[in-house]
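Computed from a prediction, not measured in an experiment: that's the story for all the values here. Numbers here are sequence positions counted from 1.
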Amino acid sequence: MLQSLSCTLVSEFILIGFSTFPHLQLMFFLLFLLMYLFTLLGNLLIMATIWSERSLHTPMYLFLCALSISEILYTVAIIPRMLADLLSAHHSIAFVACGNQMFFSFTFGFTHSFLLTVMGYDRYVAICHPLRYNVLMSPRACACLVAWSWVGGSVMGLVVTMAIFNLTFCGPNEVHHFACHVPPLLKLACGENVPVVAKSVGLVCITALLGCFLLILLSYTFIVAAILRISSAEGRHKAFSTCASHLTVVIVHYGFASVIYLKPKGPQSLEGDTLMGITYTVLTPFLSPVIFSLRNKELKVTMKKTLLSKLYPEKI
């Protein structure tokens, strides 16, 4: 994809994100490997449960399934390479491979944000317009929303990657991160247009994330207003329980994203940048299936039933 962009003075980058933790790299490897495997298995279990249980073939769980796919692909784009570097003495990554990693991580990361926004809209329609739900959230409409989320994520990934890798990298080539992340790469770029590109990329990313967050916030403003109009406490609890898992994931996702994108400018230590990067690369994907499995009662019960049927088929 990036062969035409690779005619620069730098042919590879050195990822030195974990170089300040030489005695902890084996521990980090084991910890991140376990978290990565749990993330994969958790999301695969959610997808398998939704696929096998007909009662879960609804728009809300279709979006959750798409979210799990984007989460798996996001972690696959970054974590296997990170794990390999933790065990290796050579942390180099080819110019083209670095660009591809940035493209796919941004694509799946923003697709994740767009899908969370779509899920907020789904909860808004279900609670505020229940009589029109089947019309507004028809299979065709759901497929379009998922497709546009993926298209939007791909466009964001392409725009950011093209902007960064059209810059000239003259050396040095040490990236102060464990992945091909935008800020440390911008520090290695040379040319008069670097400040303009940096501001443009930052503006595009923050606008997209903030736009998604504001749409989710607007959806939940209407949802809370509708729930407060429900007369019975049981009805209010039931309505809110359908949103609890999504709302929790949104808070975690945008909480960590705000730390990354809205942190004040100033000198940052390599250790601080690395640990901060772990929050959205490893920790957020790890927490997401945990939250959906524990906070969504219907999914939790169905997953338990599915597991029991596989382990003890004679008792079902």
key: Short side-chain donor-acceptor distance under 3.5 Å, Y280 and H253   = no

ask   = Can you find a side-chain donor-acceptor pair between E234 and S232 that sits under 3.5 Å?
value = no

inquiry  = So for atom CZ, which belongs to F222, do other residues, nucleotides or ligands contribute more than 12 heavy atoms lying within a distance under 6.0 Å?
reply    = no

task = Run the ring-centre check on F28 versus F32 and record whether the distance is less than 6.0 Å.
result = yes

note = ring-ring contact (aromatic ring centres under 6.0 Å, His included) filter on Y254, not counting sequence neighbours, yields F213

task = For Y220, check ring-ring contact (aromatic ring centres under 6.0 Å, His included) against everything at least two apart and list the hits.
result = H246

request  = Taking the side chain as every heavy atom from C-beta outward, state whether F178 and L15 have any atom pair closer than 4.5 Å.
outcome  = no

Do the side chain of [X] and the main chain of [Y] share a donor and acceptor less than 3.5 angstrom apart?
X    : Y    : result
T281 : I278 : no
S288 : T284 : no
T107 : F104 : no
R236 : I227 : no
Q101 : C180 : yes
T242 : A239 : yes

key: CG-CE distance between L167 and M162, expressed to the nearest 0.5 angstrom   = 11.5 Å

request  = Just do the ring-ring contact (aromatic ring centres under 6.0 Å, His included) check on F103 and F165 with the steps written out, would you?
outcome  = CA-CA 10 Å; F103 169 74; F165 282 85; over 10 Å; no

key: Sequence neighbours excluded, every pair satisfying ring pair (Phe, Tyr, Trp, His ring centres under 6.0 Å) that has a member inside residues 41-92   = none

